[in-house]
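Report on the following structure.
Predicted, not measured: the structure shown is a model, and the values here were computed from it.
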Amino acid sequence: MSNSSSITQFLLLAFTDTWELQLLTFWLLLGMYLAALLGNGLIITAVACDHRLHTPMYFFLLNLSLIDQGSISTTLPKAMANSLWDTRAISYPGCTAQLFLLVFFMSAELCLLTVMAYDRYVAICKPLHYGTLLGSRACVHMAAAAWGSAFLHAVLHTANIFSLPLCRGNAINQFFCEIPQILKLSCSDSYLREVGLVVVSACLALGCFVFIVVSYVQILRAMLRIPSEQGRHKAFSTCLPHLAVVSLFVSTAMFAYLKPPSISSPLLDPVVAVVYSVVPPAVNPLIYSMRNKELKDALWKL
(Lines give C-alpha, C1' and ligand atoms only; values in the text may rest on other atoms or scores of the structure.)
Protein backbone atom coordinates (compact mmCIF):
# COMPACT_ATOMS: atom_id res chain seq x y z
CA MET A 1 0.00 0.00 0.00
CA SER A 2 1.23 3.48 -0.79
CA ASN A 3 1.29 6.38 1.61
CA SER A 4 1.41 10.13 1.19
CA SER A 5 5.19 10.26 1.61
CA SER A 6 5.72 7.89 -1.35
CA ILE A 7 3.17 9.49 -3.71
CA THR A 8 4.92 11.71 -6.24
CA GLN A 9 2.01 12.15 -8.63
CA PHE A 10 -1.73 11.58 -8.96
CA LEU A 11 -3.67 10.16 -11.87
CA LEU A 12 -6.60 12.30 -12.97
CA LEU A 13 -9.76 11.01 -14.61
CA ALA A 14 -9.61 10.87 -18.41
CA PHE A 15 -12.67 12.15 -20.27
CA THR A 16 -12.44 9.26 -22.72
CA ASP A 17 -10.14 6.43 -23.74
CA THR A 18 -10.43 7.13 -27.46
CA TRP A 19 -7.78 9.41 -28.98
CA GLU A 20 -10.20 11.03 -31.45
CA LEU A 21 -12.64 11.87 -28.64
CA GLN A 22 -9.78 13.17 -26.50
CA LEU A 23 -8.84 15.52 -29.33
CA LEU A 24 -12.47 16.64 -29.63
CA THR A 25 -12.55 17.21 -25.87
CA PHE A 26 -9.40 19.33 -26.14
CA TRP A 27 -10.96 21.61 -28.76
CA LEU A 28 -14.23 21.95 -26.82
CA LEU A 29 -12.38 22.86 -23.63
CA LEU A 30 -10.12 25.26 -25.51
CA GLY A 31 -13.16 27.01 -26.99
CA MET A 32 -14.78 27.44 -23.56
CA TYR A 33 -11.49 28.58 -22.03
CA LEU A 34 -10.83 31.22 -24.69
CA ALA A 35 -14.43 32.45 -24.49
CA ALA A 36 -14.11 32.87 -20.71
CA LEU A 37 -10.75 34.64 -20.98
CA LEU A 38 -12.03 36.95 -23.72
CA GLY A 39 -15.31 37.81 -21.98
CA ASN A 40 -13.79 38.46 -18.56
CA GLY A 41 -10.79 40.23 -20.09
CA LEU A 42 -13.06 42.63 -21.98
CA ILE A 43 -15.01 43.45 -18.80
CA ILE A 44 -11.78 44.06 -16.83
CA THR A 45 -10.43 46.33 -19.59
CA ALA A 46 -13.72 48.22 -20.00
CA VAL A 47 -14.14 48.88 -16.27
CA ALA A 48 -10.49 49.89 -15.86
CA CYS A 49 -10.43 52.24 -18.86
CA ASP A 50 -13.87 53.90 -18.79
CA HIS A 51 -14.17 56.48 -15.99
CA ARG A 52 -17.99 56.24 -16.13
CA LEU A 53 -17.69 52.69 -14.81
CA HIS A 54 -15.61 53.69 -11.79
CA THR A 55 -18.47 52.97 -9.39
CA PRO A 56 -18.83 50.38 -6.60
CA MET A 57 -20.95 48.01 -8.71
CA TYR A 58 -18.43 47.88 -11.54
CA PHE A 59 -15.48 47.73 -9.14
CA PHE A 60 -16.93 44.54 -7.67
CA LEU A 61 -17.70 43.26 -11.19
CA LEU A 62 -14.04 43.77 -12.11
CA ASN A 63 -13.05 41.68 -9.08
CA LEU A 64 -15.56 38.99 -10.09
CA SER A 65 -14.06 38.82 -13.57
CA LEU A 66 -10.57 38.45 -12.10
CA ILE A 67 -11.82 35.59 -9.93
CA ASP A 68 -13.53 33.91 -12.88
CA GLN A 69 -10.36 34.12 -14.97
CA GLY A 70 -8.35 32.60 -12.15
CA SER A 71 -10.94 29.91 -11.44
CA ILE A 72 -11.18 28.59 -14.99
CA SER A 73 -7.39 28.82 -15.42
CA THR A 74 -6.95 26.53 -12.42
CA THR A 75 -8.66 23.50 -13.96
CA LEU A 76 -8.90 23.73 -17.75
CA PRO A 77 -5.26 24.17 -18.90
CA LYS A 78 -4.17 20.93 -17.19
CA ALA A 79 -7.25 19.09 -18.45
CA MET A 80 -6.57 20.31 -22.00
CA ALA A 81 -2.89 19.32 -21.80
CA ASN A 82 -3.80 15.83 -20.55
CA SER A 83 -6.33 15.38 -23.35
CA LEU A 84 -3.87 16.58 -25.99
CA TRP A 85 -0.90 14.54 -24.78
CA ASP A 86 -2.94 11.46 -23.82
CA THR A 87 -1.82 11.41 -20.20
CA ARG A 88 -3.51 11.47 -16.79
CA ALA A 89 -0.62 12.47 -14.53
CA ILE A 90 -0.40 15.53 -12.28
CA SER A 91 2.49 16.02 -9.87
CA TYR A 92 1.95 16.07 -6.11
CA PRO A 93 2.89 19.81 -5.88
CA GLY A 94 0.72 20.49 -8.95
CA CYS A 95 -2.27 18.78 -7.33
CA THR A 96 -1.66 20.71 -4.11
CA ALA A 97 -1.54 24.01 -5.98
CA GLN A 98 -4.64 23.14 -8.03
CA LEU A 99 -6.71 22.26 -4.98
CA PHE A 100 -5.55 25.41 -3.14
CA LEU A 101 -6.39 27.69 -6.08
CA LEU A 102 -9.75 26.00 -6.71
CA VAL A 103 -10.84 26.44 -3.08
CA PHE A 104 -9.43 29.98 -3.07
CA PHE A 105 -11.24 31.21 -6.17
CA MET A 106 -14.56 29.49 -5.39
CA SER A 107 -14.52 30.87 -1.83
CA ALA A 108 -13.62 34.33 -3.13
CA GLU A 109 -16.49 34.20 -5.63
CA LEU A 110 -19.04 33.34 -2.93
CA CYS A 111 -17.71 36.09 -0.63
CA LEU A 112 -17.73 38.62 -3.44
CA LEU A 113 -21.25 37.72 -4.56
CA THR A 114 -22.31 38.33 -0.95
CA VAL A 115 -20.65 41.76 -1.01
CA MET A 116 -22.33 42.51 -4.33
CA ALA A 117 -25.71 41.65 -2.81
CA TYR A 118 -25.00 44.23 -0.10
CA ASP A 119 -24.10 46.75 -2.82
CA ARG A 120 -27.46 46.20 -4.55
CA TYR A 121 -29.28 46.38 -1.17
CA VAL A 122 -27.74 49.76 -0.34
CA ALA A 123 -28.30 51.11 -3.87
CA ILE A 124 -32.03 50.33 -3.82
CA CYS A 125 -33.01 50.39 -0.14
CA LYS A 126 -30.72 53.20 1.07
CA PRO A 127 -29.91 55.26 -2.07
CA LEU A 128 -29.30 58.49 -0.11
CA HIS A 129 -26.56 56.75 1.92
CA TYR A 130 -24.98 54.93 -1.02
CA GLY A 131 -21.99 57.27 -1.33
CA THR A 132 -21.35 57.12 2.42
CA LEU A 133 -21.75 53.38 2.97
CA LEU A 134 -19.97 52.39 -0.24
CA GLY A 135 -17.20 54.93 -0.62
CA SER A 136 -13.99 54.00 -2.38
CA ARG A 137 -12.24 53.02 0.86
CA ALA A 138 -15.17 50.88 2.03
CA CYS A 139 -15.29 49.09 -1.35
CA VAL A 140 -11.57 48.32 -1.23
CA HIS A 141 -11.90 47.03 2.35
CA MET A 142 -14.84 44.76 1.44
CA ALA A 143 -13.09 43.38 -1.64
CA ALA A 144 -9.91 42.82 0.38
CA ALA A 145 -11.93 41.04 3.07
CA ALA A 146 -13.42 38.72 0.41
CA TRP A 147 -10.01 37.89 -1.06
CA GLY A 148 -8.39 37.55 2.38
CA SER A 149 -11.12 35.30 3.77
CA ALA A 150 -10.87 33.07 0.70
CA PHE A 151 -7.07 32.85 1.04
CA LEU A 152 -7.32 31.83 4.69
CA HIS A 153 -10.03 29.31 3.87
CA ALA A 154 -7.93 27.77 1.09
CA VAL A 155 -4.80 27.58 3.28
CA LEU A 156 -6.70 25.78 6.07
CA HIS A 157 -8.22 23.20 3.72
CA THR A 158 -5.06 22.58 1.69
CA ALA A 159 -2.75 22.26 4.71
CA ASN A 160 -5.22 19.99 6.48
CA ILE A 161 -6.07 17.65 3.63
CA PHE A 162 -2.48 17.10 2.49
CA SER A 163 -1.42 16.33 6.06
CA LEU A 164 -3.63 13.22 5.94
CA PRO A 165 -1.96 9.87 5.20
CA LEU A 166 -2.97 8.66 1.74
CA CYS A 167 -2.80 4.89 1.25
CA ARG A 168 -5.60 4.06 -1.18
CA GLY A 169 -3.65 4.60 -4.35
CA ASN A 170 -3.20 7.79 -6.34
CA ALA A 171 -6.10 7.65 -8.81
CA ILE A 172 -8.46 10.64 -8.54
CA ASN A 173 -11.95 10.11 -9.94
CA GLN A 174 -12.13 13.64 -11.35
CA PHE A 175 -10.33 15.61 -14.07
CA PHE A 176 -8.88 17.99 -11.45
CA CYS A 177 -7.87 17.77 -7.80
CA GLU A 178 -10.72 18.49 -5.39
CA ILE A 179 -11.34 17.83 -1.70
CA PRO A 180 -13.90 14.96 -1.87
CA GLN A 181 -11.71 12.95 -4.24
CA ILE A 182 -8.54 13.41 -2.15
CA LEU A 183 -10.47 12.39 0.97
CA LYS A 184 -11.36 9.09 -0.70
CA LEU A 185 -7.63 8.25 -0.79
CA SER A 186 -7.17 8.77 2.95
CA CYS A 187 -6.78 5.71 5.16
CA SER A 188 -6.85 7.44 8.54
CA ASP A 189 -9.62 8.34 10.94
CA SER A 190 -8.08 11.80 10.98
CA TYR A 191 -10.10 12.50 7.80
CA LEU A 192 -12.89 13.36 10.24
CA ARG A 193 -10.91 16.52 10.98
CA GLU A 194 -11.27 17.57 7.35
CA VAL A 195 -14.94 16.58 7.36
CA GLY A 196 -15.39 18.87 10.36
CA LEU A 197 -13.69 21.68 8.48
CA VAL A 198 -15.94 21.04 5.48
CA VAL A 199 -19.00 21.26 7.76
CA VAL A 200 -17.78 24.60 9.14
CA SER A 201 -17.20 25.83 5.58
CA ALA A 202 -20.69 24.69 4.61
CA CYS A 203 -22.15 26.65 7.51
CA LEU A 204 -20.24 29.77 6.43
CA ALA A 205 -21.43 29.25 2.85
CA LEU A 206 -24.98 28.87 4.13
CA GLY A 207 -24.54 32.11 6.05
CA CYS A 208 -23.50 33.91 2.86
CA PHE A 209 -26.46 32.41 1.01
CA VAL A 210 -28.90 33.47 3.74
CA PHE A 211 -27.44 37.00 3.68
CA ILE A 212 -27.99 37.17 -0.08
CA VAL A 213 -31.57 35.89 0.24
CA VAL A 214 -32.42 38.34 3.03
CA SER A 215 -30.87 41.19 1.02
CA TYR A 216 -33.08 40.36 -1.96
CA VAL A 217 -36.17 40.08 0.20
CA GLN A 218 -35.50 43.63 1.39
CA ILE A 219 -34.77 44.74 -2.18
CA LEU A 220 -38.06 43.24 -3.39
CA ARG A 221 -39.99 45.01 -0.63
CA ALA A 222 -38.31 48.30 -1.54
CA MET A 223 -39.06 47.83 -5.27
CA LEU A 224 -42.74 47.21 -4.56
CA ARG A 225 -42.88 50.60 -2.82
CA ILE A 226 -41.54 52.42 -5.91
CA PRO A 227 -44.56 54.27 -7.36
CA SER A 228 -43.64 54.26 -11.06
CA GLU A 229 -43.41 51.14 -13.19
CA GLN A 230 -40.35 52.57 -14.96
CA GLY A 231 -38.59 52.99 -11.60
CA ARG A 232 -39.37 49.42 -10.60
CA HIS A 233 -38.13 48.12 -13.94
CA LYS A 234 -34.87 50.08 -13.65
CA ALA A 235 -34.26 48.81 -10.11
CA PHE A 236 -35.01 45.24 -11.14
CA SER A 237 -32.73 45.42 -14.20
CA THR A 238 -29.75 46.44 -12.03
CA CYS A 239 -30.29 43.41 -9.79
CA LEU A 240 -31.13 40.80 -12.44
CA PRO A 241 -27.54 40.07 -13.61
CA HIS A 242 -26.29 39.55 -10.05
CA LEU A 243 -29.29 37.39 -9.19
CA ALA A 244 -28.69 35.27 -12.31
CA VAL A 245 -24.97 34.83 -11.50
CA VAL A 246 -25.75 33.86 -7.89
CA SER A 247 -28.38 31.36 -9.04
CA LEU A 248 -26.00 29.80 -11.56
CA PHE A 249 -23.11 29.56 -9.09
CA VAL A 250 -25.15 28.18 -6.19
CA SER A 251 -27.27 25.74 -8.22
CA THR A 252 -24.32 24.16 -10.07
CA ALA A 253 -22.20 23.88 -6.91
CA MET A 254 -25.07 22.42 -4.89
CA PHE A 255 -25.85 19.85 -7.56
CA ALA A 256 -22.17 18.88 -7.81
CA TYR A 257 -21.62 18.40 -4.08
CA LEU A 258 -25.07 17.50 -2.76
CA LYS A 259 -26.35 15.16 -5.47
CA PRO A 260 -27.34 11.68 -4.19
CA PRO A 261 -24.55 9.07 -4.47
CA SER A 262 -27.01 6.83 -6.31
CA ILE A 263 -26.89 9.05 -9.42
CA SER A 264 -23.10 9.37 -9.47
CA SER A 265 -21.34 7.66 -12.36
CA PRO A 266 -17.97 7.87 -14.15
CA LEU A 267 -19.79 9.49 -17.08
CA LEU A 268 -21.95 11.96 -15.15
CA ASP A 269 -19.42 13.22 -12.58
CA PRO A 270 -17.00 14.87 -15.08
CA VAL A 271 -19.94 16.51 -16.86
CA VAL A 272 -21.23 17.92 -13.55
CA ALA A 273 -17.71 19.12 -12.70
CA VAL A 274 -17.48 20.95 -16.03
CA VAL A 275 -20.87 22.55 -15.39
CA TYR A 276 -19.93 24.00 -11.98
CA SER A 277 -16.26 24.82 -12.64
CA VAL A 278 -16.34 25.98 -16.26
CA VAL A 279 -19.83 27.23 -17.14
CA PRO A 280 -20.14 30.08 -14.56
CA PRO A 281 -16.80 31.77 -15.46
CA ALA A 282 -17.64 31.48 -19.15
CA VAL A 283 -21.25 32.67 -18.89
CA ASN A 284 -20.94 35.42 -16.25
CA PRO A 285 -19.57 38.07 -18.68
CA LEU A 286 -22.46 37.39 -21.05
CA ILE A 287 -25.01 37.71 -18.23
CA TYR A 288 -23.61 41.04 -17.04
CA SER A 289 -23.22 42.60 -20.49
CA MET A 290 -26.47 41.39 -22.06
CA ARG A 291 -28.80 44.04 -20.55
CA ASN A 292 -26.26 46.61 -19.37
CA LYS A 293 -26.17 49.62 -21.69
CA GLU A 294 -23.29 51.34 -19.88
CA LEU A 295 -21.12 48.25 -20.11
CA LYS A 296 -22.07 47.67 -23.75
CA ASP A 297 -21.13 51.25 -24.65
CA ALA A 298 -17.79 50.91 -22.86
CA LEU A 299 -17.09 47.61 -24.66
CA TRP A 300 -17.88 49.11 -28.06
CA LYS A 301 -15.37 51.91 -27.38
CA LEU A 302 -12.50 49.50 -26.76
Does a side-chain heavy-atom distance below 4.5 Å link [X] with [Y]?
| X | Y | answer |
| --- | --- | --- |
| Leu185 | Ile172 | yes |
| His153 | Ser201 | yes |
| Leu248 | Asn284 | yes |
| Leu84 | Leu23 | yes |
| Leu204 | Leu110 | no |
| Ile43 | Leu62 | no |
| Phe176 | Ile90 | no |

* Using a cut-off of 6.0 Å, state whether more than 12 heavy atoms not belonging to Tyr130 lie near its atom OH. =>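 Result for OH/Tyr130: enclosed.
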
Does Arg221 have more than 12 heavy atoms from other residues, nucleotides or ligands lying within 6.0 Å of its CZ?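 No, not enclosed.
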
Can you get from [X] to [Y] by hopping between Ile, Leu, Val, Met, Phe, Trp and Tyr side chains that sit under 4.5 Å apart?
| X | Y | answer |
| --- | --- | --- |
| Leu24 | Leu30 | no |
| Met80 | Leu21 | no |
| Phe162 | Leu11 | no |
| Leu28 | Val274 | no |

Can you tell me how far the [atom1] atom of [X] sits from the [atom2] atom of [Y], to the nearest 0.5 Å?
| X | Y | atom1 | atom2 | result |
| --- | --- | --- | --- | --- |
| Leu128 | Lys126 | CG | NZ | 10.5 Å |
| Gln9 | Arg88 | CD | CZ | 10.0 Å |
| Leu112 | Ser65 | CG | OG | 9.5 Å |
| Thr158 | Gln98 | OG1 | CD | 11.5 Å |
| Leu66 | Ile44 | CG | CD1 | 4.0 Å |
| Arg52 | Asp297 | CZ | CG | 6.0 Å |

- [ ] Verify side chain to side chain contact (heavy atoms under 4.5 Å, CB included) between Thr238 and Ile124, making sure each step is shown before the conclusion.
- [x] CA-CA 9 Å; Thr238 63; Ile124 294 174; 4.1 Å; yes

Go through the steps to decide whether Leu13 and Gln181 satisfy the test side chain to side chain contact (heavy atoms under 4.5 Å, CB included), and finish with yes or no.
CA-CA 11 Å; Leu13 181 68; Gln181 300 302 327; over 6 Å; no

**Message:** Working note: Cys95 + Cys177, criterion disulfide (SG to SG under 2.5 Å); need CA distance, chi angles, decisive distance, verdict.
**Reply:** CA-CA 6 Å; Cys95 186; Cys177 295; 2.1 Å; yes

Closest heavy-atom pair and its distance - [X], [Y]:
| X | Y | result |
| --- | --- | --- |
| Lys296 | Ser289 | CE-O, 3.1 Å |
| Ser277 | Ala273 | OG-O, 2.6 Å |
| Gln69 | Gly41 | NE2-N, 3.3 Å |
| Pro281 | Ala36 | O-CB, 4.0 Å |
| Pro241 | Ser237 | CD-O, 3.2 Å |

message: Between Thr74 and Gly70 (side chain of the first, backbone of the second, donor and acceptor by atom type, cut-off under 3.5 Å), is there such a pair?
response: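 Yes, Thr74 side chain to Gly70 backbone: donor-acceptor pair under 3.5 Å.
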
Handout entry: Side-chain donor or acceptor of His54 paired with backbone N/O of Val47 under 3.5 Å
Key = yes

Between Phe59 and Leu134, is a side chain to side chain contact (heavy atoms under 4.5 Å, CB included) present by the stated rule, with each step listed? CA-CA 11 Å; Phe59 170 74; Leu134 286 164; over 6 Å; no

Relative to each other, are the rings of Phe211 and Tyr118 parallel, tilted or perpendicular (30° and 60° limits)?
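Ring orientation, 0 to 90° scale: tilted.
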
With His242, the ring-ring contact (aromatic ring centres under 6.0 Å, His included) member among Tyr288, Tyr121, Phe60, Tyr216: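 For His242, the ring-ring contact (aromatic ring centres under 6.0 Å, His included) check succeeds only for Tyr216.
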
Decide side chain to side chain contact (heavy atoms under 4.5 Å, CB included) for Lys78 and Leu12; before the verdict, give the C-alpha distance in whole Å, the side-chain angles of both, and the deciding distance to 0.1 Å. CA-CA 10 Å; Lys78 182 59 179 173; Leu12 299 174; 4.3 Å; yes

Ring centers of Phe100, Phe151 separated by less than 6.0 Å:
yes

> Is there a donor in the side chain of Ser73 and an acceptor in the side chain of Tyr33, or the other way round, less than 3.5 Å apart?
Replying inline: yes

